[in-house]
Engineer: 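Below are the structure tokens for one structure; questions will follow.
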There are 2 protein chains.
Amino acid sequence: MSFNVPKSDKKRVVIVGGGFGGLQVANRLKHSDFQVVLIDRNNYHQFPPLIYQVASAGLEPSSISFPFRKIYQRRKNFFFRMATVRSIFPEQRILQTSIGKISYNYLIFAAGTTTNFFGNKDVEEEAIPMKNVSEAMGLRNALLENFERALTCASEQERQELLNVVIVGGGATGVEVAGALAEMKNYILPKDYPDMDSSLMQIYLIEAGNRLLAAMNPKNSSHAEQYLREMGVNVMLNKMVTGYENHRVQLKDGSSIATRTFIWVSGVAAQPVGNLGTEFLGRGGRIKVDEYNRVTGLDGVFAIGDQCLMTADEDYPNGHPQLAQVAIQQGRLLAKNLQRLEKNKELKAFHYRNLGAMATVGRNRAIAEFSKIRMHGFVAWLMWLFVHLRSILGVRNKIIVLFNWIWNYVSYSQSLRMIVYARKAKEVQEREKRLSSQHWGKDLLSEGAD
Amino acid sequence: MSFNVPKSDKKRVVIVGGGFGGLQVANRLKHSDFQVVLIDRNNYHQFPPLIYQVASAGLEPSSISFPFRKIYQRRKNFFFRMATVRSIFPEQRILQTSIGKISYNYLIFAAGTTTNFFGNKDVEEEAIPMKNVSEAMGLRNALLENFERALTCASEQERQELLNVVIVGGGATGVEVAGALAEMKNYILPKDYPDMDSSLMQIYLIEAGNRLLAAMNPKNSSHAEQYLREMGVNVMLNKMVTGYENHRVQLKDGSSIATRTFIWVSGVAAQPVGNLGTEFLGRGGRIKVDEYNRVTGLDGVFAIGDQCLMTADEDYPNGHPQLAQVAIQQGRLLAKNLQRLEKNKELKAFHYRNLGAMATVGRNRAIAEFSKIRMHGFVAWLMWLFVHLRSILGVRNKIIVLFNWIWNYVSYSQSLRMIVYARKAKEVQEREKRLSSQHWGKDLLSEGAD
């Protein structure tokens, strides 16, 4: 088995998930004496804060992703494996994955979250989530396809369903994607579809709470709401979505909104670990950890970032917000603590240092808040650009993202409006057949064909 | 039906296919008095000469594609519709498409070709074609996935199947993709997979004829062959592929080659038009046209480019080669002839002006020939770069392609090695389950898990 890693006398650290937290641990163990094994379901790291720009055709997936193998070229005692986790056998210190089992000395869960549909099967079946670049590409394709179909569909009702967009969830992702789609409606649709009345496209942003961006200051929430309303987004607060039927989003108050572009960014749940019992889990399925990110009751097992719940940090008795910075800081500390463990030194407890939060709402406008400073408008937007560009992995990606941003800004246009599927022509034909069957015999341009 | 195009007193030209030929007609009819309707199965124009670089992770689909709606923003009397052709009713001058029927005064078939599997169902089912960016993305994903799986697969035989690549067809596409994959093997694999013996990856280029690039000068054929051999490609001439079974490509001589990456670029057939009888078709399913690109026997119907067969051009009694330049020149002339028709002027006959042909074989090396000049090596490679960069549509795309080329050239690395599907997490999970089932229980890194 020459391709497999030889057994080593080094202790093995297995990291599940190469997001912000997992990557931080792997990076910081570079000069350690561990053998490091990184497992991820994808072969690349992705940058979630910009996923909404992939969905709105402003950036390519590759611009905000980075192959793990490229990050860790030339790294000694490091192994990447593309796999998903099935279950854990803590007595034997063995992890079962989709490609086999692996033993560990230290195991770190850093797999983040997945979309939470709150048990609503209708919604899960039909809604488009936006947690990763694959889903964002799926959303982009659906959106562009619906525009094309709206031109030639059979009835006014179908046209309205195809043009309306309903976004459920008023957090940062919901606000940002609503802003990006409003720009698409305002700047691109009139130019790209001169034969369509773009005012028919209505964007709804539905939030169950009484304000957008609940994690931020209420003043910033109302700035965000005001920006979105000015851009033409229908912001609906205090509205609960109960289901999706016949191309209509059902609300608790009995009303409904017609749409075939039903975007669900309303909540997250921690990535589940097959056989990990509920006694290990807290709110949102997050794995309970102590102040050192140790999973209570599992020797040598840790969890960091969005996937874990730490209530020992005195400023955050209900756990930390699920933000990149928490994962990064926990990953950084855990790498140090693992090395302290080996030297029988005392571990250091985690305290989150809040670096603030930001969200952008279309061109020139963002809101940002740091420990004592609160900003909105153009300066916040420039700061948003700078902070995000700085955080993207890789020089090539930084250049490409910056170029795209400048290009899109100057041209008032997201350039990447191609509907591309990675598949064989045969599968594409199947899709075409499915999409077109209901239109068969329908006139292409005018009522009669002549 | 406010979204549909109003009937007009202008005559309507319907163009099927927005490739090199169709785009040329549409562009040249800009200031004409026609209503122009462009139909394409995709919402973007693509640039086939660089599709192989999408497959080998050097370029993104978006860099060599351009949305039709963006090309024709602000254009009067122009309409784009995303659809595929079903059949034609020449008596009524009506075209039936996947989204309904449309009447025409002039109809132009410019839909190009599709992959020809020569009736071999096994091959059609299993082989990966490479005619468009979707298929190229499918190939890229398959290739990268196979590398990952090769690390942890169950047997040496499976590993060999996963690493071997078999390319069938020694034309320009086959030669260019073989060169690009050989570079991937030589420069990227050793760095990305230090725990894998990259020499196990074998690339086979199989051609039924007795030389590569049959359309070019025999001297250039042997240059191409020599370049590929130097890069480690196994060039096999005079070999016929008869089928594909149990992950093995079967050859007529009784031998076979193990592979799960079976690329088929061996031939093309003209895109079929549902009910167009065989009396209208020539070799390769191409629609027979006269020297004015008129389809014989169908009033007001034309065909141009790869989809048509013109034997009236005296230098090309067997029809023209299926090259971009033929389509471009025919499209240009046809636009003029349509306007001449309207003015009752005499039509001009088509004569192909051969501008030459080129192919590139990896870094620094290409072969090129023009009417009287034949080149190979570095200068030909520079010329290849220049000619292709110049031909790509759009300033943004030119900049992005040039940037990627420079970056990849300097870094010896194709940057875009991410496996991305445009789909929902649920579908991705299905795929993961399918891919992993055969490995279930297999050890991840070493024989035992501890």
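A, B, ... follow the sequence lines: proteins, then strands. Residue 1 opens every chain.
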Engineer: Contact part of B:F66 toward chain A, heavy-atom cut-off under 4.5 Å: side chain, backbone, both or neither?
Structural biologist: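 Only the backbone of B:F66 comes within 4.5 Å of chain A.
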
Engineer: Heavy-atom pairs under 4.5 Å with chain A are the metric here; pick the option from B:Q73, B:R396, B:E148 that has the most.
Structural biologist: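 Answer, by heavy-atom pair count under 4.5 Å with chain A: B:R396.
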
Engineer: Report yes if some heavy atom in the side chain of A:E145 is under 4.5 Å from a heavy atom in the side chain of B:N43; otherwise report no.
Structural biologist: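 When only atoms from C-beta onward are counted, B:N43 and A:E145 do not touch, as no gap falls below 4.5 Å.
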
Engineer: So, using ring-ring contact (aromatic ring centres under 6.0 Å, His included) as the criterion, who are the partners of B:F89 when residues are at least two apart?
Structural biologist: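 None.
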
Engineer: Side chains of A:I419 and B:M82: closer than 4.5 Å at any heavy-atom pair?
Structural biologist: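 Yes, their side chains come closer than 4.5 Å.
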
Engineer: Heavy-atom distance under 4.5 Å between the side chains of B:V420 and A:E60, does that happen here?
Structural biologist: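 No, too far: nothing below the 4.5 Å cut-off.
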
Engineer: Report yes if the side chains of B:R417 and A:K70 come closer than 4.5 Å at any heavy-atom pair, otherwise no.
Structural biologist: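 Yes, close enough: below the 4.5 Å cut-off.
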
Engineer: Looking at CE of B:M418 and OG of A:S134, how far apart are the two atoms once the value is rounded to the nearest 0.5 Å?
Structural biologist: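 So the CE of B:M418 and the OG of A:S134 are separated by 11.0 Å.
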
Engineer: If you count heavy-atom pairs within less than 4.5 Å of chain A, which of B:F80, B:F403, B:F68 leads?
Structural biologist: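 It is B:F403.
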
Engineer: Hey, does B:V395 have a side-chain heavy atom less than 4.5 Å from the side chain of A:W407?
Structural biologist: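 Side-chain contact under 4.5 Å: yes.
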
Engineer: Quick check on B:D192 against chain A: is it the side chain, the backbone, both or neither that has a heavy atom closer than 4.5 Å?
Structural biologist: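 When you check distances to chain A, atoms from both the backbone and side chain of B:D192 fall under 4.5 Å.
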
Engineer: Non-hydrogen atoms of chain A under 4.5 Å away: do they reach the side chain of B:N397, the backbone, both or neither?
Structural biologist: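 Neither part.
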
Engineer: Non-hydrogen atoms of chain B under 4.5 Å away: do they reach the side chain of A:I399, the backbone, both or neither?
Structural biologist: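 Just the side chain, heavy atoms under 4.5 Å.
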
